Amino acid sequence: MSSRFLLLLFALFLAFSASAEVVYYEGAYAFDYEQWPWGGYDGSFFASGPMFDPETGWPDGHTESVGGSKMVYADTLVTYCVAAILNPDSTVNVAALFLRTDADNFEPGDYAIDVTDFMAGYAFFDRVSNFTVPEDPSDLGAWIDGIVADHKFFGTSGVVSLEEASDTALRGTFYGAMADPNDFTIISVTNGYFDLAGMVVSSAGDPAYARSHASYPNPFNPKTTIRFQMEEAGQARVAIYDIRGRELRVLLNEVCEAGENRVDWDGRNRSGEGQAAGLYFYRITSGGEQRSGKMVLLP
């Protein structure tokens with residue numbers, strides 16, 4: 001269950017993006033917490049390492065995983081971080097943080113935790129033991145309700161201090177308070193920080209670039225269609241990669257006509273083996289240029 005839950009959690013965040021600009025593939029995330037105003041529920045959360053790998057499970061034998069993205073969603077720019085720890089009893093502790101802005105990019109500075117417009121926030125799910133996929137994948141509340149955990153904390157106050165949100169880094173600190181609405185447990189959060197490394201997967205901020213390629217449906221199962229524009233006839237190559245950058249399959253490598261071209265991917269590698277649900281990338285090479293995008297293969 002734990003691997004499936006984390007996979008679906010990463011897929012949830014990515015599925016809600018219109019076009020991911022940057023994927024943060026490894027990093028660190030930590031904070032201390034203490035029950036307020038009294039009580040014995042306190043401790044620390046610390047996770048570091050690479051993003052959860054949907055093909056091999058917990059990466060390289062790690063019991064910790066950190067990842068995230070910067071994306072355009074509903075006409076706003078969103079950046080987030082998801083971190084997880086696998087407990088000895090196979091439950092999972094998960095922490096997440098997100099920021100939104102109406103600007104073209106994130107500026108360093110303080111972002112107040114916001115429970116009305118959801119421009120900044122964080123969450124902590126303690127000892128997740130089960131998870132149910134909702135019938136309506138667009139219903140965020142149903143996703144959260146489907147999580148079975150000892151506590152489901154959500155930020156109620158505090159500040160996220162963003163130091164950098166570039167194509168190669170997401171870094172900052174945070175503090176404040178979180179509450180579990182089910183039992184009214186409140187915890188204070190101190191010494192929070194996040195530091196992630198990333199890579200560009202598309203130029204979503206450039207409308208012309210965004211129109212030049214796309215995949216649909218996305219998320220998908222069992223098949224998605226990758227379409228791309230050619231300014232003039234010429235050689236084109238379309239390949240599929242996993243989140244570690246390994247080439248899984250070349251879908252097309254031939255001369256294509258000018259205009260729109262399409263190629264399908266059925267979720268299989270070059271040997272015909274079906275791939276695990278999760279995040280994948282396509283790369284289109286033509287005319288000396290490369291264009292990339294992401295796809296989420298559903299279970």
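Start at 1 with the first residue, then count along the sequence. Being a predicted model, the structure only gives us computed values, none of them experimental.
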Note to self: Could you measure the distance from the CG atom of Asn93 to the CD atom of Glu64? Nearest 0.5 Å is fine.
What the structure shows: 10.5 Å

Checklist line | Phe124: which of Phe154, Tyr29, Phe31 passes ring pair (Phe, Tyr, Trp, His ring centres under 6.0 Å) | finding: Phe31

Notebook entry, point to check: Who pairs with Phe194 by ring-ring contact (aromatic ring centres under 6.0 Å, His included), at least two apart in sequence or on another chain?
Noted result: none

Next item on the list: Check Asn105 against Ala165 and note the closest heavy-atom contact, atom names and distance.
Entry: OD1-O, 3.9 Å

Item checked: Counterpart residues, side-chain contact (heavy atoms from CB on, under 4.5 Å), relative to Glu231 (two or more places apart) -> none

Margin query: Run the side chain to side chain contact (heavy atoms under 4.5 Å, CB included) test on Leu196 and Cys81 for me, step by step, so that the C-alpha distance in whole Å, both residues' side-chain angles and the decisive distance to 0.1 Å come before the verdict.
Written below: CA-CA 8 Å; Leu196 286 78; Cys81 170; 3.7 Å; yes

Checklist line | Nearest heavy atoms of Val66 and Ala83, plus distance in Å | finding: CG2-CB, 4.0 Å

Check: Between atom CG of Leu77 and atom CE of Met71, what is the distance when rounded to the nearest 0.5 Å?
Finding: 9.0 Å

Note to self: Same cluster or not: Val94 versus Ile144, using hydrophobic residues (I, L, V, M, F, W, Y) connected whenever any side-chain heavy atoms lie under 4.5 Å apart?
What the structure shows: yes

Notebook entry, point to check: How far does CG of Asp32 sit from CG of Asn191, to the nearest 0.5 angstrom?
Noted result: 4.5 Å

Next item on the list: Would you confirm whether Asp114, through its side chain, and Asp117, through its main-chain N or O, come within 3.5 Å as a donor-acceptor pair?
Entry: yes

Check: Should Ile113 and Ser157 be marked as a side chain to side chain contact (heavy atoms under 4.5 Å, CB included) after you check the CA-CA gap, both sets of side-chain angles, and the distance that decides it?
Finding: CA-CA 5 Å; Ile113 300 304; Ser157 64; 5.5 Å; no

Notebook entry, point to check: In Å, rounded to the nearest 0.5 Å, how long is the span from CH2 of Trp36 to CD1 of Ile186?
Noted result: 5.5 Å

Notebook entry, point to check: Is the count of non-hydrogen atoms from other residues, nucleotides or ligands lying under 6.0 Å from Phe46 atom CZ greater than 12?
Noted result: yes

Check: Between Val159 and Met119, is there a shared hydrophobic cluster once you connect ILVMFWY residues whose side-chain heavy atoms come closer than 4.5 Å?
Finding: no

Next item on the list: Return the minimal non-hydrogen interatomic distance between Val115 and Thr156, and the atom names on each side.
Entry: CG1-CA, 4.0 Å

Margin query: On a heavy-atom basis, which atom in Ile85 and which in Ala47 lie closest, and how many Å separate them?
Written below: CG1-CB, 3.9 Å

Next item on the list: Please tell me if the side chains of Met178 and Ile187 come closer than 4.5 Å, counting only heavy atoms from C-beta onward.
Entry: yes

Next item on the list: Please identify each residue that fulfils ring-ring contact (aromatic ring centres under 6.0 Å, His included) with Tyr175, with sequence neighbours left out.
Entry: none

Check: Excluding sequence neighbours, so at least two apart, what forms side-chain contact (heavy atoms from CB on, under 4.5 Å) with Asn261?
Finding: Phe228, Met230, Cys256

Notebook entry, point to check: Among all residues two or more places apart in sequence or in another chain, which pass the ring-ring contact (aromatic ring centres under 6.0 Å, His included) test with Tyr41?
Noted result: Tyr33, His151, Phe153

Next item on the list: Using the test side-chain contact (heavy atoms from CB on, under 4.5 Å), find all partners of Ser166 that sit at least two apart in sequence or belong to another chain.
Entry: Glu164, Thr168, Ala169

Notebook entry, point to check: Within a strict 4.5 Å, meaning less than it, do heavy atoms of the Asp266 and Pro222 side chains meet?
Noted result: no

Check: Among pairs that include at least one residue of residues 87-96, which meet salt bridge (Lys or Arg N to Asp or Glu O under 4.0 Å), considering only residues two or more places apart or in two chains?
Finding: Asp89-Arg127

Next item on the list: Quick one: do Lys152 and Asp183 satisfy salt bridge (charged side-chain N to carboxylate O under 4.0 Å, His left out)? Show the steps, please.
Entry: CA-CA 10 Å; Lys152 290 187 277 188; Asp183 62 10; over 6 Å; no

Notebook entry, point to check: Aromatic ring centroids of Phe174 and Tyr122 under 6.0 Å?
Noted result: yes

Next item on the list: List for me each residue that meets ring-ring contact (aromatic ring centres under 6.0 Å, His included) alongside Tyr111, sequence neighbours excluded, and say none if there are none.
Entry: none

Checklist line | Within-4.5 Å side-chain heavy-atom neighbours: Tyr80 and Lys70 | finding: no

Checklist line | Heavy-atom closest contact (Phe106 atom, Arg100 atom, distance) | finding: CE2-C, 3.9 Å

Next item on the list: Report yes or no: do Val263 and Ile240 belong to one cluster of Ile/Leu/Val/Met/Phe/Trp/Tyr joined by side chain heavy-atom distances under 4.5 Å?
Entry: yes

Next item on the list: Please step through side chain to side chain contact (heavy atoms under 4.5 Å, CB included) for the pair Arg270 and Leu248, ending with a clear verdict.
Entry: CA-CA 6 Å; Arg270 60 173 58 90; Leu248 299 178; 5.8 Å; no

Notebook entry, point to check: Roughly how far, to the nearest 0.5 Å, is CG of Asn87 from OG1 of Thr63?
Noted result: 9.0 Å

Notebook entry, point to check: Residues in side chain to side chain donor-acceptor pair (under 3.5 Å) with Asp195, at least two apart?
Noted result: none

Check: Do side-chain atoms of Thr79 reach the backbone of Leu99 as a donor and acceptor pair under 3.5 angstrom?
Finding: no

Note to self: Using a 3.5 Å distance criterion without hydrogens, assess whether the side chain of Thr224 forms a donor-acceptor pair with backbone atoms of Pro217.
What the structure shows: yes

Check: Is Arg249 salt-bridged to Asp242, going by a charged N under 4.0 Å from an acidic O?
Finding: no

Notebook entry, point to check: Going only through I, L, V, M, F, W and Y residues with side-chain contacts under 4.5 Å, is there a path from Tyr193 to Leu97?
Noted result: no

Notebook entry, point to check: In terms of hydrophobic clustering (I, L, V, M, F, W, Y; side-chain heavy atoms under 4.5 Å; direct or indirect links), are Phe220 and Tyr282 co-clustered?
Noted result: yes

Check: Val250: what forms a side-chain contact (heavy atoms from CB on, under 4.5 Å) with it, not counting sequence neighbours?
Finding: Arg237, Ala239, Glu247, Asn253

Notebook entry, point to check: Where the side chain of Thr101 meets the backbone of Ala103, is there a donor-acceptor pair that is under 3.5 Å apart?
Noted result: yes

Next item on the list: Identify, with sequence neighbours excluded, every residue that meets side chain to side chain donor-acceptor pair (under 3.5 Å) alongside Ser161.
Entry: Asp110

Check: Can any side-chain N or O of Ser65 pair as donor or acceptor with the backbone N or O of Pro50 at less than 3.5 Å?
Finding: yes

Item checked: Rounded distance [0.5 Å steps], CG in Asn182 versus CG in Asp150 -> 11.5 Å

Item checked: Which atom of Leu162 lies closest to which atom of Glu107, heavy atoms considered -> CD2-O, 4.0 Å

Checklist line | Pairs meeting criterion salt bridge (Lys or Arg N to Asp or Glu O under 4.0 Å) with involvement of residues 253-264, two or more places apart | finding: Lys223-Asp264, Glu260-Arg262

Notebook entry, point to check: Is the centre of the Phe281 ring less than 6.0 Å from the centre of the Tyr241 ring?
Noted result: no

Notebook entry, point to check: Between the side chain of Asp180 and the main-chain N/O of Phe184, is any donor-acceptor distance below 3.5 Å?
Noted result: no

